[in-house]
Amino acid sequence: MQPDNSHQANHNVRQVQLPSGKVIEVVYFADRPVSHGSAVSGATTRSRRHADPDRELHLCPECGSGMVYPIDWSEADSSRWEILLRCPDCEWTETGVFSQAAVEQFDSELDRGGDALLADLQHLVHANMAEDIERFVFALQNDHVVPADF
Ligand SMILES: [Zn+2]
């Protein structure tokens with residue numbers, strides 16, 4: 001008695017979702033050319049992007065900026081997300097399908113970016129106040145502020 005493995009011997013079928021939302025089946029042949037006249041003999045990964053689904057999404061592949069942010073996103077399937085990305089530095093945009101892990105990483109990068117922005121704003125507010133105080137102290141020291149001003 002032998003298990004029947006003949007149907008899965010030399011190739012794998014993978015479903016690939018295109019940015020358009022269309023799902024295509026990509027057949028990978030392990031080691032031999034197709035000898036029969038099958039319709040899948042010419043199957044290729046048409047329009048497959050070089051994008052790595054696990055790459056760091058906040059990094060722009062064009063200019064290296066770390067400011068890439070999502071414009072739009074939707075659930076591609078139970079574990080992947082289709083995301084429209086944009087780089088504010090070079091105007092690069094791309095729609096891609098990315099893994100849950102990459103999206104979670106991206107999410108925490110965006111949180112960090114938001115925190116950094118808030119910290120910058122607080123520094124800026126603080127700097128403005130410090131400048132006001134310095135100006136006031138300077139005015140006091142140079143007798144530009146006299147009791148009559150109060
Ligand atoms: Zn860029």
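In each ligand, atom 1 is the first atom listed, and ligand 1 is the first ligand listed. Remember, predicted model here, so these are calculated numbers, not experimental data. For this chain, numbers begin at 1 and follow the sequence in order.
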Rounded to the nearest 0.5 Å, how far does CD1 of Ile83 lie from OH of Tyr69?
14.0 Å
Could you give the distance from CG (Leu85) to CG (Asp72), rounded to the nearest 0.5 Å?
10.5 Å
Which count of protein N, O or S atoms is obtained for distances strictly below 2.8 Å from the Zn ion (ligand 1)?
4
Tracing side-chain contacts under 4.5 Å among Ile, Leu, Val, Met, Phe, Trp and Tyr outward from Ile133 reaches Val137
Would you call Arg86-Glu91 a salt bridge at under 4.0 Å N-O?
yes
Pair Asp132 + Arg135, salt bridge at N-O below 4.0 Å
yes
How long is the straight-line distance from CH2 of Trp81 back to CG of Leu57, given to the nearest 0.5 Å?
13.0 Å
